[in-house]
Amino acid sequence: MDPKKWIDINTESFQYSLDHFVIPDHYEDALSSVLIPHGVIMDRVEKLAKLIVQESTGPLVVCCVLKGGHQFFADLVNYIKKNVTRGGKTVPLSLEFIKVKSYSNETSGDVKLSLTEEECKEFSGKNILIVEDIIDTGKTMVQLLSKLKKYSPESVKVASLLVKKTPLSNGYIPDYVGFAIPNAFVVGYALDYNEYFRDLDHICVINEHGKEKYATKN
Ligand code: HPA
Ligand code: MG
């Protein structure tokens, strides 16, 4: 992995104590540390927005992968807009939202998209930027890309805020990456654990108590 393309975070070297940041009371006992403070996320998203505009070759269809990608998507689009008001290069944006369901237990490893056939046909000839929260194994993204390419877009690029350094990775690396993170389960900034923690600004590492407290109850 090219270390110049993203910020590499090593758990071993440093994690912030929860005491040093404002954490909602309801999550305080469920987290072990702050991995990426909200301000650092925002500064990094601003830089990614700048790179995306600089390297764009025409109007962009910015495609948010729900639900985890929504916060990164919203802030990224805002920074792309700000780039305009600062007199930088401009690029027209249209926005699309997509839910991806993966069936990882099936050998085909197929993914199902929430968009209709008609909506997918709209991608033909367009420059698409997929915005995702995290690449973990890379399986879902590889399948999503192969599915989208069937609709003959002009180009497809991927921006992921996080890439997890896991031995289960299939080697897929997005075009734009915010941070490479350790192989731990992270939450916050719209990343969830069983739908919780999306309402947390910092990206944090969940602890064992948190996993029990917010486990799915059947
Ligand atoms: N956190 C939240 N969602 C995820 C993660 C994670 O660490 N990995 C894959 N999906
Ligand atoms: Mg996700």
Side-chain angles (χ1 to χ4, degrees), residues 1 6-16 18 21 23-24 26-38 40-42 44-45 63-76 97-106 109-114 130-145 147 158-174 176-217:
M1 300 214 288
W6 51 75
I7 295 171
D8 188 14
I9 298 177
N10 286 309
T11 345
E12 294 75 28
S13 58
F14 192 73
Q15 289 197 45
Y16 301 91
L18 296 174
F21 294 91
I23 306 289
H26 53 273
Y27 290 144
E28 190 99 47
D29 64 349
L31 303 167
S32 62
S33 64
V34 173
L35 189 66
I36 317 175
H38 185 249
V40 177
I41 300 170
M42 296 303 282
R44 183 68 185 135
V45 174
C63 189
C64 173
V65 181
L66 296 168
K67 300 177 187 174
H70 96 261
Q71 194 63 62
F72 175 38
F73 173 88
D75 290 330
L76 188 69
F97 299 84
I98 190 168
K99 254 191 170 172
V100 182
K101 268 220 165 84
S102 48
Y103 301 94
S104 46
N105 48 347
E106 287 179 23
D110 201 13
V111 295
K112 198 168 182 282
L113 309 186
S114 61
I130 301 174
V131 179
E132 173 70 291
D133 53 355
I134 185 164
I135 303 291
D136 196 317
T137 65
K139 261 170 106 175
T140 304
M141 186 52 67
V142 164
Q143 287 156 20
L144 172 61
L145 287 172
K147 205 145 217 179
V158 176
S160 183
L161 182 65
L162 309 175
V163 169
K164 198 180 279 192
K165 292 180 277 185
T166 161
L168 298 178
S169 166
N170 64 4
Y172 172 75
I173 299 201
Y176 303 97
V177 176
F179 306 86
I181 63 160
N183 192 10
F185 201 86
V186 294
V187 293
Y189 194 70
L191 285 104
D192 75 309
Y193 177 76
N194 292 329
E195 297 301 324
Y196 291 98
F197 300 97
R198 296 196 198 275
D199 56 331
L200 170 69
D201 278 339
H202 312 293
I203 292 178
C204 298
V205 179
I206 189 171
N207 65 20
E208 286 309 312
H209 175 68
K211 284 182 188 171
E212 281 164 33
K213 187 172 172 183
Y214 295 103
T216 36
K217 297 191 176 68

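This structure is a prediction, so every number in the text was calculated from the model and none was measured. Note that these values count all heavy atoms, side chains included, but never hydrogens, waters or copies made by symmetry. Ligands are counted one by one from 1 in listed order, and the atoms in each one are counted from 1 as well.
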(message) If we only consider heavy atoms of Ala184, is any one of them less than 4.0 Å away from an atom in ligand 1?
(response) yes
(message) So, 4.0 Å and heavy atoms of Ile181: is ligand 1 close enough to count as a contact?
(response) no
Using 0.5 Å steps for rounding, measure from the [atom1] atom of [X] to the [atom2] atom of [Y].
X	Y	atom1	atom2	result
Tyr193	Cys204	OH	SG	15.5 Å
Leu144	Cys63	CG	SG	7.5 Å
His26	Leu200	NE2	CG	8.0 Å
Ile23	Asp29	CD1	CG	11.5 Å

(message) Please tell me whether Phe73 and Phe97 form a close aromatic pair, meaning their ring centres lie under 6.0 Å apart.
(response) yes
(message) Using a 4.0 Å heavy-atom cut-off, which part of Val186 comes near ligand 1: side chain, backbone, both, or neither?
(response) both
(request) Classify the contact between Ile134 and ligand 1 as side chain, backbone, both or neither, using a heavy-atom distance cut-off of under 4.0 Å. (result) side chain
(request) Can you sort out which atoms of ligand 1 are near Leu191, meaning under 4.0 Å from one of its heavy atoms? (result) 1 (N), 2 (C)
(request) Would you mind listing which atoms of ligand 1 come within a distance below 4.0 Å of any non-hydrogen atom of Lys164? (result) 5 (C), 6 (C), 7 (O), 8 (N)
